[in-house]
Amino acid sequence: MGLRFKPVDTSFYDLFTEAAQHLVVGADLLAEMLGEGADHADVARRMREAEHTADETTHALIKRVNSTFVTPFDREDIYALGSGLDDVMDLMDEAVDLILLYEVKILPPELSTQVEVLQRCAELTAAAMPNLRSMQSLEEYWIEVNRLENAGDKNHRRTLAKLFSGEFKTIEVLKLKDIVESLEGAIDAFEKVANIVEQIAVKES
Amino acid sequence: MGLRFKPVDTSFYDLFTEAAQHLVVGADLLAEMLGEGADHADVARRMREAEHTADETTHALIKRVNSTFVTPFDREDIYALGSGLDDVMDLMDEAVDLILLYEVKILPPELSTQVEVLQRCAELTAAAMPNLRSMQSLEEYWIEVNRLENAGDKNHRRTLAKLFSGEFKTIEVLKLKDIVESLEGAIDAFEKVANIVEQIAVKES
Amino acid sequence: MGLRFKPVDTSFYDLFTEAAQHLVVGADLLAEMLGEGADHADVARRMREAEHTADETTHALIKRVNSTFVTPFDREDIYALGSGLDDVMDLMDEAVDLILLYEVKILPPELSTQVEVLQRCAELTAAAMPNLRSMQSLEEYWIEVNRLENAGDKNHRRTLAKLFSGEFKTIEVLKLKDIVESLEGAIDAFEKVANIVEQIAVKES
């Protein structure tokens with residue numbers, strides 16, 4: 001009888017990659033929502049579906065952590081990364097939902113800039129997840145996401161200043177502020193994911 | 001000399017049950033606050049007292065965790081459950097406090113629907129806590145709380161749409177939105193408690 | 001060969017002290033921002049610098065935890081305390097930033113009362129950090145911060161009642177509410193730091 005190795009469960013990497021790919025879908029739906037003549041109800045319905053699918057991935061991940069003896073890295077880091085990815089989806093879903101709910105007709109162009117940041121963050125995150133296996137080439141990812149978050153923050157502040165410039169009616173300010181803060185929250189959530197990845201990489205190196 | 005068993009401290013279950021019973025009191029006070037002709041200042045005073053009593057239970061729980069060698073389940077899960085129950089109380093107290101503070105006279109009926117959800121969640125949680133000892137019959141509890149949270153979320157979105165429908169003055173929207181979000185936060189906090197219980201039950205099974 | 005002791009790394013205490021001293025600087029800048037005739041853009045620029053310096057201290061702390069084998073107390077408590085101190089700075093920076101961004105000209109005097117609470121909390125925290133080494137004289141610190149948080153909370157509620165009294169235009173209420181909530185958040189964050197210190201002291205005693 002030969003030696004038997006207890007292999008580390010590799011499906012964790014697949015589930016993280018899957019979770020990040022849902023974020024690419026979510027960010028694209030958010031961009032569609034902001035497009036001219038978009039059918040808000042229809043895009044919101046598809047976003048809700050995407051969010052449910054993402055939830056299933058998160059549950060599969062948690063179930064696997066709870067039932068696996070040897071995890072590829074610390075159990076709490078797997079939880080943190082999984083729920084970090086889930087938070088991004090929730091915040092993007094919230095932004096789409098608020099646009100529908102508040103019946104906002106005119107969306108300032110600054111919002112599109114934020115959604116472009118979100119799309120870029122989603123692509124970078126989806127491309128980085130498979131590298132968790134080798135722990136290679138992750139540094140460029142988290143540096144770039146941090147750079148994008150800084151750019152997003154500057155744009156967020158410009159947007160707030162515009163909202164309060166007197167150009168908008170107060171009730172519109174109240175609506176747009178909620179939406180703008182969801183977008184900012186989603187970008188922050190991407191940065192949080194990148195910070196968790198950095199912490200995992202530092203520990204494992 | 002016979003065998004000596006080191007008994008697991010059972011008072012944890014009593015303290016969790018006590019904490020959940022405070023939530024039943026809190027949810028009922030919230031319902032009273034929304035009732036016609038309620039004496040807002042008096043209900044708010046009693047809510048503050050209930051919140052202090054709940055705080056004492058939380059402190060007793062934390063003190064016991066720190067001074068007990070063998071806990072019935074993971075120390076961090078006890079912390080999480082204790083502070084989860086405490087968060088619900090804080091958010092219900094916040095809702096009552098804001099109604100008093102903002103001197104809101106007319107409360108849309110949608111708010112009562114949310115408070116009914118909170119009352120039901122509180123009763124379910126108080127009934128479930130003693131079952132932590134046997135880890136039996138907990139599944140129905142967390143499934144039902146999750147269902148209630150979904151219903152609450154739908155009602156929350158309907159309420160927000162109504163607030164922004166043009167029926168209310170902007171300053172009233174600003175006030176009511178804060179109150180409505182406290183209620184939604186309290187329902188979410190009940191769901192979080194149910195999720196913690198689920199995670200404990202999965203680990204222990 | 002004599003005995004060799006593996007000394008516990010003492011620089012953790014220095015880094016915590018350094019982090020708390022940044023909070024004294026931050027609270028003072030916030031007070032300056034509220035002063036009559038303050039150059040908002042200039043104070044905000046210096047606040048941003050102070051926040052960056054505080055960030056560097058936090059990073060140094062995290063790096064040290066990750067690279068140190070024997071830490072003076074639980075790794076997760078060091079993280080919690082470090083990020084707790086960091087949160088205070090972020091919220092004070094946010095308050096300053098919002099005053100600049102929203103171009104708020106008239107700040108109600110209640111805000112100055114809150115900033116005085118913040119300055120007092122910062123001084124107490126900076127004075128307490130070096131005592132983590134001996135774990136002596138920490139109790140007065142956390143009791144006093146909890147007392148200050150209670151006073152701050154009462155003042156916060158008075159401020160909100162004033163904002164909604166009808167004295168202010170709705171758009172001003174919207175702006176001031178954000179600023180007032182940042183200040184309240186910063187005071188809460190100081191209380192959280194005090195609670196973490198209490199928990200560490202209880203564990204170590």
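Chain A is the first sequence line, chain B the second, and so forth, proteins listed ahead of strands; every chain is numbered from 1.
- Here the CD1-CG distance, from A:I106 to A:L176, works out to 9.5 Å after rounding to the nearest 0.5 Å.
- Looking at A:I171, there are no atoms closer than 4.5 Å to chain C (heavy atoms on both sides), in backbone or side chain.
- Residues A:I99 and A:L107 meet the side-chain proximity criterion, which asks for heavy atoms closer than 4.5 Å.
- To the nearest 0.5 Å, the span separating CD1 on A:I200 from CG on A:L138 amounts to 9.5 Å.
- Counting only heavy atoms from C-beta outward, the side chains of C:L29 and C:V96 never approach each other to under 4.5 Å.
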Output the donor-acceptor atom pairs between chain A and chain C under 3.5 Å, with atom names and distances to 0.1 Å.
| residue | atom | partner | partner atom | Å |
| --- | --- | --- | --- | --- |
| A:R157 | NE | C:D97 | OD1 | 3.2 |
| A:R157 | NE | C:D97 | OD2 | 2.5 |
| A:R157 | NH2 | C:D97 | OD1 | 2.2 |
| A:R157 | NH2 | C:D97 | OD2 | 3.1 |
| A:K177 | NZ | C:D178 | OD1 | 3.2 |
| A:K177 | NZ | C:D178 | OD2 | 3.0 |

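- The distance from atom CZ of C:F190 to atom CG of C:L23, rounded to the nearest 0.5 Å, is 4.5 Å.
- One finds the CZ atom of A:F73 at 5.0 Å from the CG atom of A:L132 (value rounded to the nearest 0.5 Å).
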